[in-house]
Amino acid sequence: MLVVTTRFFPDIRAACLPQMQVDSSTRLLAASLCRISDKFWVTTGVLTDSPTGVESHETMWSTCEITEAGSGGPLVDFDGNIVGMNLCMKKGKTSFVPAKRIVECMDRLGFWTYLENTPNSKPSNFSSEGSSSENRGSKGSENKNKEPCAIPIHEANDVWCDLNQALAEKLSLSIISIASFDGETLHSECTGMVIDRELSSASFLTTASLFGSLDQNLWDDLTIKVRLPNDEVVHGWLHYYSSPYSLAVIVTHSLPPSLDLCVACLGNVMHVESSAELLAVRCCFDSGKLVSTRGSVIHGTWTGGIHKKERKLSTCKITEAASGGPLVDCDGNIVGMNYYDEGMTSFVPSNLIFEWLASDHVYWAASKDPSRPSENQQSSTPYSDSPKGLTDDELRRILSPWRFDGFKKRVNAILLAKGYPLPRFADDGMYLKWDFEEEFGRDIWSEPTRRVASELSRSVVALASFAVEKPEGSGEHKKENFFSRKFACTGVFIKCDEFTTKIMTSASLVRSGDGKNIHSEWKIEVCLPSKQRVDGMLQHYDLKYNVAVVSIKGVRSYCAANLNEMSQTEAGARVVALGRGFESGKLLATEGTVTGKRSRSICEELQISTCKITKAGIGGPLVDFDGNFVGMNFFDTDQTPYLSRVRILELMKSFNAERTVPVAVETPDNSELPSEEEARASLLYSYKHTLNGFAALLSGEEATKLSERIEVVSTFRSDGRWSPHTTRSWEFVGFEEGLTGVHSKERLPSGDNAGENVIVGMLDSGIWPESKSFGDEGLGPVPARWKGVCQGGDSFNSSSCNRKIIGARYYLKAYEAYHGSLNTTYAFRSPRDHDGHGTHTASTVAGRTVPSVSALGGFASGTASGGAPLARLAIYKVCWPIPGPNPNIENTCFDADMLAAMDDAVGDGVDVMSVSIGASGKPPQFANDGIALGALHAARRGVVVVCSGGNSGPAPATVVNLAPWILTVGASSIDRSFNSPIRLGDGRVIMGQTVTPYQLPGNKTYPMVYAEHASVPGTPANVTNQCLPNSLSPAKVRGKIVVCLRGSGLRVGKGLEVKRAGGAAMVLGNPPMYGSEVPVDAHVLPGTAVSNADADAILKYINSSANPTAYLDRSRTVVDVRPSPVMAQFSSRGPNVVEPSILKPDVTAPGLNILAAWSEASSPTKLDGDGRVVKYNIVSGTSMSCPHVAAIAVILKAAHPDWSAAAIRSAIMTTATTSNAEGGPIMNGDGTAAGPMDYGSGHIRPRHALDPGLVYDASFQDYLLFACASGGGAQAQLDRSFPCPASPPRPHELNHPSLAVHGLNGSTVTVRRTVTNVGQHGAHYSVAVVEPAGVSVKVSPASLSFERTGEKKGFTITVEAKGGKVDRRYLAGSYTWSDGVHVVSSPIVVLLP
């Protein structure tokens, strides 16, 4: 429930809330008022049981049907008496809160104090809490007559309410207001919390909103003032700033010694239920008054951009002046710190703030204040005066209440020396929590847990590390050295034989405080399952994954965990976490489930389970209920991360090789590198065609040593962080050209001669050369300039190449250095494609025209053709299966392998590269990005590189392949669907889509069941409707049509689960995020997929029918579907997280349900157990849209061989369209309007791109200057022969076909662009501007005249904020040059801070 207050209106009467007694025969009315029409609506019903058969004492249920607009409205009887307040509908019934409970809640919240002056509103049995104007705590007498809080007019005046007196007294001495001033003008206002206090100084924590959108270089120009609880205003200054968290610490040294301040308590881990009421507190700068607004926690995390994954959301509506203020519960406990954002309020939990303050040593950072001692006058060691040698009992005795001051620092030093964690804080002082001896906080010793623990008890050990300490004293009082414990954790035997006994554990056992090194001198002691103590020796470690291997001698009677046995690790799988206490030797166990999610706070490569462990379990094994090893546990306060078995196996292999990290090294041209000779024995590749460097297996020390050499441009890890981004489409592109007739011969610029003799290099998973799409009938000889080879291997020899596939190579040295020898059961050690992905993309670019082609079941039948059917193909296989269960589901690709392929491709003579591969997780900086570096040097040689943008949409800031010299492609639909009618038992027909060849037998209806109602016990509640492996009960689904929802797991895997459980068919429904976008699959049983709206309709039918039934009709192919194109929801979106001044993606192209050639070594689903073989398959992804654009680049290269790569990229971008085939705007799959962050410049138009009129050209030097401005630091210089100037042009001044301005900051930005006339001589162009909302855009001059082809003209674009608030993250507009024939359009994007 939510209480909203407003000013008093005398003609409004308060509702009466009697304690009504009603029964099932009482007729009821649910009332609501329409905000738009002011009409009063009612529906009738009676009392009923809850849909689940359980009636809560807090809520009841009626049969009155309401819409969402009726939520919060009254439920009354036919005499008008209020029975309760309606909440929401569920399964055809409406829940409501009884009037009695509402009265109790109002009493508990003290709400009647707000109504005491309202006629007839305050019951006699309620008393007021007192005046809310006296709300500054114990100093109430001083603040009683304060003026009301002055809130600027642009802020919503109805947001804030006075804070009640009890909370005001508790918080008044910890909460202050901070404001920044530009001269005498108020710049920004925030709230802050006291985090440190000394005699005359204090530190206050707030957010960077204090500086508004001002550039960080100008912060020093602002004056900062702090309003204290005694109403005194003092000056402050910025003491510390954290960019990742957007936190600022403000300090002042002007405090009166008598001023009473209390340090805010931030150390508690507050577990807040979503229903719990919270208060966002603000302190007004003008009056010093505390005000608040109410709300609750929203489950989920903030998705506003990078570095913000720790934030959570609340429903508290705040204004910008409350940013930095506390979020508290009704008892005044601080839950977190608020951040203001238009439309929602995010907050960082208090314990994370506390950890940040501790980890970044905020209080020992050098101060800017000239009155403070300089950095070299202060102690560099904050713990230098710490007492030594206290016992555990003495430690606990001194942990009595102490303020957040120097004593706390000394105690922390002692705890660190003893190997204990730092203490948490509460109102009554410090206390230890999660210490190393603590047993698991939630032991669930069920029978399965006992069995698993018993089986593995002889495999689990405890370990501790000890350092030699020298006690104080001398002479006769000198004491002997003693061992001080540093860390304790769990480990597991991984090898037990007559030669070696090895234990895997956490590297935290010996890790240094800064996390960068290890203490090899520390003593390691192992507590065996028998509780015997033996010495251990550190053998291997990896600080990135925090894993170590310890060996022991003379112990061979224990059991090693089997790391090679594959385990069931899908989301929802039940698992057990094991640990052992070092002091007690006790075995610890707790059970939970695998969530399928990644860690947000430690490392994105860690996964999450719900097993709740303590720090004693760090390094312990996570196993399934068959005892199979799943991973190694780490610790976090609110979740348990673990490193997967696959990653651990990779580490073990690298440990065995002793050299653990493949490193790619770029060196300057013609330089000699002595360190290369040192690494020659470990050399993987030597790059020689485009960039001068090598890839080798080097230790971390060797890589560091190499990177320190001045002639080395860059060194970076070659990780497997890259993966592939997984007919009619070319005909549809003709519609986007504005052509008429689906059989127009002009659908492609050059018909069947498109791209003749242009060579396109495919970096992918290989090729299936026998496909008819790669025949060479009618092709001329291989171009004489071709210098490549046809590399033989498994099932592939020189005869596999022809005049179409003119060359093929494969690269797996880095892959095998990381994963070990290739498993040839799942991949060919040759250019032959086992996966299907590479064959599909190659045929999309340059497949020959093949008649009578269709997918499995005859779908999408017709003539298949690539965009450039006469182009030549050069295959570079760089992607390989990830070891583990069903390896071909996902491939991985390594930087070192891809760089070698790109280097060879340029040397071989390719003209275009198609790379449907992208980074998994956060995109790397350009200097550490193998694809970006390879593409940069390819562009230098005139090679156009086209890459997929990724399949992580529709979330913002997910697009990858972000360099401006790469053409990055999003994905959209075509005008074809595969309609499969679903006939419900009530007569309705809902249209699904599928390409499954299977049909339900008999023309009869089948029972229908929702997966959530048919899941087996123990399935996690949040995935019961997902049809994940082994989640369905055969007794409940046998012979039925099962409705599953998309979400976790593979779409085709859900059908496999329905089939396993005996289901007759499957209907796969979209969740809201996917809207109406329906990818189709060749399921292993009869099945179809539906939109989100249709899924809701089917579920409502199931929930409202006693015997729901349905029948799935046969699917058929339908063309000319409108509207189209529509942006695919999976297509990754901008902004560009590496360089926001470059708009990405660049364009969009067909990528949804695309038919193309396929590998006959794979199945249409790629699932184990699917033995079907197809020659052509339908697949979706930006991997499919990328080769469409690569084909256009081929066509342009053939037509304009003298154009640069930048000119070709410009022609494709500036001729793209933002309209669909009907002339309307392109939409997103969820029904919202798409924009530049979705599609970049728009949808491709090949014929227009052939004759763009003007192009924006850029040189290799332009890109190096861009990198200098964008990268910053040593990594900015991408070529040692080109040193970065002191002031390079700003990133948005690159001569790029689109314009993105990052953070206008109230200033004016002027950029220069240069266009080259590639049209006719004597051309005259005029500009038309569409200004983004609230932004002024001026182009000067407004017209350009060209006397000749090839002439260049420059112009400036001035962007200036008009002022006023907007409710969007970015503002979009455009500017367009036109001569009456050509339309050269460029998007303008202004990204808001």
Side-chain angles (χ1 to χ4, degrees), residues 392 418-421 435-440 453-469 482-512 518-543 545-563 577-589 613-623 629 631-635 643 648 651-652 655-656:
D392 289 356
K418 295 285 293 181
Y420 284 99
D435 74 29
F436 294 128
E437 308 312 316
E438 188 172 359
E439 297 183 11
F440 289 177
S454 176
E455 291 174 355
L456 295 176
S457 62
R458 294 173 58 79
S459 302
V460 180
V461 301
L463 304 96
S465 55
F466 299 85
V468 176
E469 299 287 351
F482 64 95
F483 284 103
S484 171
R485 196 181 83 186
K486 293 300 181 182
F487 200 84
C489 57
T490 297
V492 61
F493 288 120
I494 57 172
K495 186 175 183 181
C496 297
D497 57 33
E498 58 180 331
F499 302 107
T500 309
T501 299
K502 293 183 179 180
I503 300 166
M504 181 178 67
T505 186
S506 167
S508 296
L509 184 69
V510 290
R511 196 166 189 151
S512 61
I518 57 105
H519 290 283
S520 57
E521 76 279 6
W522 284 0
K523 175 186 176 183
I524 298 175
E525 198 169 285
V526 180
C527 176
L528 300 173
S530 64
K531 299 187 180 180
Q532 175 189 358
R533 305 294 176 92
V534 297
D535 290 338
M537 179 184 300
L538 179 67
Q539 277 207 332
H540 303 286
Y541 64 91
D542 186 291
L543 294 183
Y545 293 107
N546 206 34
V547 174
V549 173
V550 173
S551 66
I552 57 178
K553 296 181 180 179
V555 178
R556 295 191 295 270
S557 59
Y558 292 103
C559 300
N562 186 0
L563 272 62
L578 298 170
R580 192 177 293 276
F582 183 78
E583 293 293 339
S584 65
K586 183 178 179 180
L587 185 68
L588 311 172
I613 69 168
T614 63
K615 286 196 173 183
I618 293 176
L622 184 72
V623 298
F629 188 85
M632 186 177 80
N633 292 310
F634 292 91
F635 175 80
L643 186 63
I648 290 172
L651 279 176
M652 295 303 110
F655 288 162
N656 292 336

- request: Check the pair V547 / M504 against side chain to side chain contact (heavy atoms under 4.5 Å, CB included), numbers first and verdict last.
  value: CA-CA 7 Å; V547 174; M504 181 178 67; 4.0 Å; yes
query: Could you walk me through whether I503 and V526 pass the side chain to side chain contact (heavy atoms under 4.5 Å, CB included) check?
result: CA-CA 9 Å; I503 300 166; V526 180; 3.8 Å; yes
field: From CA spacing to verdict: side chain to side chain contact (heavy atoms under 4.5 Å, CB included), M652, I494
entry: CA-CA 10 Å; M652 295 303 110; I494 57 172; 3.7 Å; yes
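To the nearest 0.5 Å, atom CG of residue D535 and atom NZ of residue K523 are 5.0 Å apart. The OG atom of S520 sits 11.5 Å away from atom CE of M537, with the distance rounded to the nearest 0.5 Å. Rounding to the nearest 0.5 Å gives a distance of 12.5 Å between NE2 of H519 and CZ of F487. S512 contributes atom OG, which lies 12.0 Å from atom NZ of K486 (distance to the nearest 0.5 angstrom). For the atom pair CG of L651 and CE of M632, the computed distance is 8.5 Å after rounding to the nearest 0.5 Å. Here the CD1-CD1 distance, from I613 to I618, works out to 6.5 Å after rounding to the nearest 0.5 Å.
Of all heavy-atom pairs spanning A589 and A453, the tightest one is CB-CB, 4.3 Å. Nearest approach of L543 to A507, heavy atoms of both residues: CD2-CB, 4.2 Å. Residues L463 and G491 approach most closely at CD1-N, 3.5 Å, considering heavy atoms. L587 and S457 make their closest contact through CD2-CB, 3.8 Å (heavy atoms, listed as atom of the first residue, atom of the second, distance).
At distances below 3.5 Å, at least one donor-acceptor pair connects side-chain atoms of T490 with backbone N or O atoms of A616. A donor-acceptor pair under 3.5 Å is absent between the side-chain atoms of R580 and the main chain of L528, judged by distance alone. When atom types are taken as modelled, the side chain of S459 and the backbone of V492 share no donor-acceptor pair closer than 3.5 angstrom.
With F582 as the aromatic partner, R533 meets the cation-pi criteria of under 6.0 angstrom to the ring centre and within 45 degrees of the ring axis.
At a threshold of 4.5 Å between non-hydrogen side-chain atoms, the residues N546 and F634 count as touching. Side chains of I552 and F493 form a contact here, defined as non-hydrogen atoms less than 4.5 Å apart. Two residues are said to be in side-chain contact when any heavy atoms from C-beta on lie closer than 4.5 Å; L509 and I524 meet this criterion. With a 4.5 Å cut-off on side-chain heavy atoms, L588 and L578 do not count as touching. Using a 4.5 Å heavy-atom cutoff, the side chains of T501 and K495 are not in contact.
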